[in-house]
Amino acid sequence: MNLFSTLDLSIIAPAFLAGLLVLTTHIPLGRQVLSRGIIFLDLAIAQIAGLGVIVAYSLGWEAGGWQVQLIAMAAALAGALLLYATETLWEDNQEAIIGCAFVLAASAGILVLSSNPHGGEALKDLLAGQILWVSYSQLIPVAIIYSAVLALWFGLRVVRGKQQSPLLFYSLFAISVTTSVQLVGVYLVFASLIMPALAVQKVRQHPLLRAYVTGACAYAAGLMLSALWDLPSGATIVCAMALVCGLSAAVANGKLKASQDAAVPL
């Protein structure tokens, strides 16, 4: 029997579309994270947003409801504003403070879930995500939010003719990450932000396009492997992302070195 005949496109297709939506905002934001040298910002904001989701669940509000969205967004924006303040007030120690914010939010989430008999499963879903269970109806509000984020991110750059303000970056970052965490989980949020951006860091021609293609290939490969071999989807996509982005970076670095060698006069 053909192995690929076991693939259920009714599950794979919305999951792949969810991955593509996440990449639309996370790749440009991830490139900005790398340029600012604040690599663990996304993990911290994602974990703070996750803490907001955990608190909302502990209050008995329905998953995906507007109350959960509101609390998660408020928590992420508050965390983003706090970390934005560290850029000015404690610039030398910003990365350390970001790490402290991450571990504090993670620990607080565990404490809140400690009395929940299903806390372990809820924490696993928050970290690894449940991308294979995404439906098309869930993606409509996500697409609207991401469209607004992208319009502000790229639109203001054109209007102002320069880099966006740090405050705008932190705010848009918080909004995007909050939306993504509830869609694909903390691990995939970090992978989608950093790995494609890192893969094209030395690419000179069309780096954004190459990052999108690399990320899309990783999501496609990860989802197919997950479905074919019944593997956890989030973890499989992260591993596929690391492999695909690593190969892409190696090819890009090889081409760069070859062009530099060719430019050196004999």
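FYI, the numbering just counts along the sequence from 1. A quick note: this is a predicted structure, and the numbers were derived from the prediction, not measured. Just the heavy atoms: all of them, side chains too, but no hydrogens, waters or symmetry mates, feed the values below.
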Quiz prompt | A75 to G52 - nearest heavy-atom pair and separation | solution = CB-CA, 4.1 Å
Exercise. Drop me the distance from M73's CE to Q182's CD, to the nearest 0.5 angstrom.
Key: 7.5 Å
Quiz prompt | Value rounded to 0.5 Å, distance of CG in L23 from OG1 in T214 | solution = 10.0 Å
Quiz item: Do F173 and Q32 pass the side chain to side chain contact (heavy atoms under 4.5 Å, CB included) test, and can you show the C-alpha distance, the side-chain angles, and the key distance before you say yes or no?
Solution: CA-CA 10 Å; F173 192 93; Q32 186 72 8; over 6 Å; no
Practice problem: Indicate, with yes or no, if M195 and L247 share a hydrophobic cluster defined by side-chain heavy-atom contacts under 4.5 Å among Ile, Leu, Val, Met, Phe, Trp and Tyr. | Solution: no
Practice problem: Return the minimal non-hydrogen interatomic distance between I27 and S192, and the atom names on each side. | Solution: CG1-O, 4.2 Å
Quiz prompt | Full working for side chain to side chain contact (heavy atoms under 4.5 Å, CB included) between I237 and S226 | solution = CA-CA 8 Å; I237 297 170; S226 173; 5.8 Å; no
Quiz item: Side chains of R31 and P196: does their closest heavy-atom pair fall under 4.5 Å?
Solution: no
Self-check item: Audit row: W229, T236, side chain to side chain contact (heavy atoms under 4.5 Å, CB included) steps and yes/no
Solution: CA-CA 10 Å; W229 292 324; T236 305; over 6 Å; no
Practice problem: Determine the minimum heavy-atom distance between A76 and A174, stating which atoms define it. | Solution: O-CB, 3.6 Å
Quiz item: Are the side chains of V22 and L188 in touch, meaning some heavy atoms are under 4.5 Å apart?
Solution: no
Exercise. State the CG-CD1 distance between L83 and I98, to the nearest 0.5 angstrom.
Key: 5.5 Å
Exercise. Treating Ile, Leu, Val, Met, Phe, Trp and Tyr as nodes and any side-chain heavy-atom pair under 4.5 angstrom as an edge, say whether F190 and L104 lie in one connected cluster.
Key: no
Quiz item: Does any donor atom in the side chain of Y212 or T24 lie under 3.5 Å from an acceptor atom in the other side chain?
Solution: no
Quiz item: Would you say the side-chain atoms of S248 pair up with the backbone N or O of C245, donor to acceptor, closer than 3.5 Å?
Solution: no
Quiz item: What is the ring orientation for W153 with F169, classed by angle as parallel under 30°, tilted 30 to 60°, or perpendicular over 60°?
Solution: tilted
Quiz item: Do V244 and F16 share a hydrophobic cluster, counting only Ile, Leu, Val, Met, Phe, Trp and Tyr and linking them when any side-chain heavy atoms are less than 4.5 Å apart?
Solution: no
Practice problem: Using the test ring-ring contact (aromatic ring centres under 6.0 Å, His included), find all partners of Y170 that sit at least two apart in sequence or belong to another chain. | Solution: Y84
Quiz item: Which pair of heavy atoms, one from A191 and one from V238, lies closest together, and at what distance?
Solution: CB-CG2, 4.1 Å
Practice problem: For the residue pair S176 and L29, establish whether any side-chain heavy-atom pair is separated by less than 4.5 Å. | Solution: yes
Exercise. For I71 and A56, work out which heavy atoms get closest and say how close.
Key: CD1-CB, 4.1 Å
Quiz item: So do I45 and V189 actually touch side chain to side chain, heavy atoms under 4.5 Å?
Solution: no
Exercise. Output the distance between atom CG (L17) and atom CD1 (I12), rounded to the nearest 0.5 Å.
Key: 13.0 Å
Quiz item: How many angstroms lie between atom OH of Y219 and atom CE of M241, to the nearest 0.5 angstrom?
Solution: 4.5 Å
Exercise. Kindly indicate whether the side chain of V200, heavy atoms from C-beta on, has any atom under 4.5 Å from the side chain of H206.
Key: no
Practice problem: Find the distance between CG (L77) and CG (L172) and round it off to the nearest 0.5 Å. | Solution: 9.5 Å
Exercise. State, with a plain yes or no, whether a side-chain heavy atom of F102 is found less than 4.5 Å away from one of I48.
Key: no
Quiz item: Would you say L208 and L198 are hydrophobically clustered, going by side-chain heavy atoms of ILVMFWY under 4.5 Å?
Solution: yes
Quiz item: Are L243 and V251 connected in a single hydrophobic cluster, I mean Ile/Leu/Val/Met/Phe/Trp/Tyr linked by side-chain heavy atoms less than 4.5 Å apart?
Solution: no
Practice problem: Would you sort out whether L132 and L223 count as a side chain to side chain contact (heavy atoms under 4.5 Å, CB included), showing the intermediate values? | Solution: CA-CA 8 Å; L132 280 182; L223 283 169; 3.7 Å; yes
Exercise. Starting from the C-alpha separation in whole Å, work towards a yes-or-no answer on side-chain hydrogen bond (donor to acceptor under 3.5 Å, both in side chains) for S180 and H26.
Key: CA-CA 9 Å; S180 304; H26 284 37; 2.9 Å; yes
Quiz item: Any chance OH of Y187 has more than 12 other-residue heavy atoms, nucleotides or ligands included, within less than 6.0 Å?
Solution: no
Quiz prompt | Minimum side-chain heavy-atom gap S135-P14 below 4.5 Å | solution = no
Quiz prompt | Contact check, side chains of I140 and I144, non-hydrogen atoms, under 4.5 Å | solution = yes
